[in-house]
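The next block holds one structure in the form of structure tokens; read it before the comments.
Note that these values count all heavy atoms, side chains included, but never hydrogens, waters or copies made by symmetry. The sequence lines fix the lettering, A, B, ..., with proteins before strands; numbering per chain opens at 1.
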Protein chains: 2
Amino acid sequence: MARRSLPPLNGLRAFEAFGRHGRMTLAADELCVTHGAISRQIRQLELHLGVALTEGPKSRLRLTEAGLRLAQGLTEALDQIDAVLPRQVQAEPRTLQVSCLPTFAMKWLIPRLPAFVAQHPDTPVRISESSGPFDFRADGVDLAIRMRGVEPSPDADVTPFLDHYIGPVLSPELAGGGPPTLEALGRLPRLHTRTFPGSWTEWETQAGARLPPAPIDREFDHYFYMIEAAAAGLGVAMGPWAFVERDLASGRLIAPLGLIRGLPRVCALTPRGQASPAARRFRDWLVAAGAASPPPPGAV
Amino acid sequence: MARRSLPPLNGLRAFEAFGRHGRMTLAADELCVTHGAISRQIRQLELHLGVALTEGPKSRLRLTEAGLRLAQGLTEALDQIDAVLPRQVQAEPRTLQVSCLPTFAMKWLIPRLPAFVAQHPDTPVRISESSGPFDFRADGVDLAIRMRGVEPSPDADVTPFLDHYIGPVLSPELAGGGPPTLEALGRLPRLHTRTFPGSWTEWETQAGARLPPAPIDREFDHYFYMIEAAAAGLGVAMGPWAFVERDLASGRLIAPLGLIRGLPRVCALTPRGQASPAARRFRDWLVAAGAASPPPPGAV
DNA sequence: GAAGTTCTGTGAGGTTTGATCACATGGCTC
DNA sequence: GAGCCATGTGATCAAACCTCACAGAACTTC
């Protein structure tokens with residue numbers, strides 16, 4: 001009997017949001033409900049499945065292995081639903097279309113967006129999430145946010161607005177009490193993302209370090225799941241500052257070797273010489289917001 | 001704001017079931033609710049999306065183009081969710097595991113299953129849906145239902161239990177008033193399924209007919225969506241009798257050229273010489289149920 | 001063409017689900 | 001141990017959802 005016994009779908013949605021954010025409070029914000037609602041939904045879901053999806057102390061919750069697997073699958077499935085949904089009408093043509101890296105949107109851009117909206121109430125903004133290539137014309141994108149090195153782009157004006165600090169991060173539990181040496185880290189499982197497979201190499205280059213091959217390599221589709229996996233103690237991730245700032249502050253993650261400035265920076269791309277006025281305003285705001293973002297303490 | 005505005009998920013689930021079955025009543029059965037609940041859910045969903053998903057007279061409802069696209073995407077997404085769900089415990093080892101073609105399960109097997117359960121109350125059965133290859137041992141399958149020609153199988157005992165009658169089917173509207181000739185059908189868009197790409201060729205061979213290339217070819221992942229597409233007037237499908245029996249009876253579809261016996265038959269596969277007693281009982285019941293299924297009227 | 005069949009649409013009413021608020025609890029930091 | 005932060009939970013209320021029963025629409029049958 002086909003899929004007669006799917007668990008409550010609203011619970012799945014709540015859990016998926018929790019999986020991406022790693023905190024019920026943030027998931028609750030995204031879904032516009034209180035943290036209590038999320039808490040109940042997830043508990044209900046765990047009860048239904050008979051499997052623990054979260055573990056650890058209440059104030060520092062992590063995903064279990066089963067939870068991580070489920071959350072990743074759900075993200076994919078919900079993305080697919082989102083993609084096949086018939087769009088009633090395209091957003092008004094005058095809306096500023098911003099194409100942004102998914103995790104950067106979630107962890108950096110969206111929390112700061114209200115400030116832009118407050119300053120420019122007449123400029124409606126729509127964020128779409130994508131990490132792949134794009135076409136300004138075909139995709140109706142006014143401004144894109146991507147990681148870029150210094151190489152020039154043929155058909156885009158590139159404005160770096162945020163430095164990119166990276167370094168190995170892991171959970172305090174996994175680090176144990178041992179000395180936080182390069183060698184110790186090298187012996188732990190290493191986590192990667194599909195979107196930026198070169199981050200470890202980049203870090204080695206920038207840091208002038210050299211790591212032995214990892215005992216285990218594990219790849220994730222998204223940064224946020226890699227970070228949750230690191231928090232769950234599954235291995236060492238190459239964490240960009242903008243994405244792990246809160247987790248470092250709260251102690252969910254630690255960066256024993258510190259963070260160093262990476263070569264690519266976060267950049268705003270606009271069509272060469274043709275940025276719309278709204279896109280220019282948004283770009284200027286990005287530069288200001290980037291400058292106002294504190295760099296990691298003690299970064300090189 | 002990632003996926004802040006997904007429509008009500010329960011509505012999506014209801015619509016997806018409706019999409020597969022083509023009738024609210026059947027979708028309601030699957031979800032164990034009344035047809036009224038499904039009706040409201042779908043209406044609600046259409047309202048939310050601002051797009052018509054169904055059309056046609058109330059007693060002969062069809063999917064719109066948008067509805068078909070959405071339903072197919074949802075089936076895929078919900079299948080994915082089902083696949084990543086952590087399984088609490090595997091079904092008890094003594095449960096008879098039957099691997100069945102998805103559409104055959106939905107349209108033929110599941111409606112008849114209560115009869116088996118009534119006859120064999122001590123033999124718990126679990127149907128899993130799959131159209132691909134399988135491994136008796138690795139997948140824990142006791143009996144599989146697949147389409148097979150006459151060729152022997154190296155490691156399975158093959159028991160045909162149902163003849164396979166096929167023929168071109170289409171909606172009465174698409175047929176119009178014209179004469180139901182081979183030529184007229186050949187000029188209409190032709191529908192295919194990914195799982196049985198050869199059905200048209202097979203029919204041509206068996207019928208001794210020869211069709212010109214279709215003006216449009218369109219492929220679907222599942223038989224049930226191909227059938228819904230045919231009902232919606234999108235083209236001509238190669239309909240197996242077991243799947244279109246009800247639709248032919250109700251007049252939602254017509255088979256102007258009749259149905260002929262196809263070469264492959266629906267077969268029960270058991271591990272060579274190692275069928276469990278329960279699997280043998282199930283196989284015997286399949287043979288009886290197949291013999292009791294009326295062949296299409298006037299079939300060759 | 002009247003009665004019967006088979007679906008879906010819908011009003012009224014009840015039940016369940018789910019959200020909120022406010023407070024409790026547990027782990028951490030300082 | 002005071003203060004902070006995040007989650008868990010009891011009580012309560014609102015909204016979502018389902019059922020029942022009946023109505024209506026399209027078709028078939030006699």
Please state how far atom CZ in Arg13(B) lies from atom P in dT17(C), giving the value in whole angstrom units.
12 Å
Let me have a per-nucleotide readout for nucleotides 17-30 of chain D, 5' to 3', with B, S or -, counting only protein heavy atoms under 4.0 Å.
SSB-----SS----
Side chain of Thr25(A) (C-beta onward), nearest among dG9(C), dT7(D), dG8(D)
dT7(D)
Rounded distance in Å - CD (Glu55(B)) to P (dT8(C))
15 Å
Could you state the atom-to-atom distance from CD1 of Ile42(A) to P of dT7(D) in whole Å?
9 Å
Enumerate, atom names and distances included, each donor-acceptor pair closer than 3.5 Å involving a side-chain atom of residues 232-248 of chain A, sequence neighbours excluded.
residue, atom, partner, partner atom, Å
Trp241(A), NE1, Pro294(A), O, 3.0
Asp247(A), OD1, Arg23(A), NH2, 2.8
Asp247(A), OD1, Arg252(A), NE, 2.9

Minimal non-hydrogen separation, Glu129(A) against Ile110(A), with atom names:
OE2-CD1, 4.4 Å
Once you round it to whole Å, what is the distance between C1' of dT6(C) and CG of Leu61(B)?
13 Å
When we call it a touch if two heavy atoms are under 4.0 Å apart, what does Arg246(A) touch: a base, just sugar-phosphate, or nothing?
sugar-phosphate
Nearest-angstrom distance from the residue atom CZ of Arg252(A) to P of dC28(C):
13 Å
For Leu61(B), does its backbone N or O pair with a side-chain atom of Thr54(B) as donor and acceptor, under 3.5 Å?
no
Establish, from distance only, whether the side-chain atoms of Arg62(A) and Ser171(A) form a donor-acceptor pair under 3.5 Å.
no
Validation row: Leu49(A), Leu70(A) side chains within 4.5 angstrom (heavy atoms):
yes
Protein-nucleotide distance (Leu31(B), atom CG; dA16(D), atom P), rounded to Å
20 Å
Rounded to whole Å, CZ of Arg62(A) lies from P of dT7(D) at a distance of 14 Å
What integer distance in Å separates Arg23(B):CZ from dT5(C):P?
18 Å
Nearest atoms (heavy-atom pairs only) where Phe18(A) meets Ala27(A):
N-CB, 3.5 Å
Looking only at heavy atoms, what is the nearest atom pair of Ala14(B) and Gln41(B), with distance?
CB-CB, 3.8 Å
Say whether, by atom type as modelled, one donor and one acceptor occur between the side chain of Tyr223(A) and the main chain of Thr195(A) under 3.5 angstrom.
no
Flag, side chain of Arg60(B) to backbone of Gly56(B), donor-acceptor distance under 3.5 Å
no
Between the first and last five pairs of the helix from dG1(C)-dC30(D) to dC30(C)-dG1(D), the angle of the axes, rounded to 10 degrees
30°
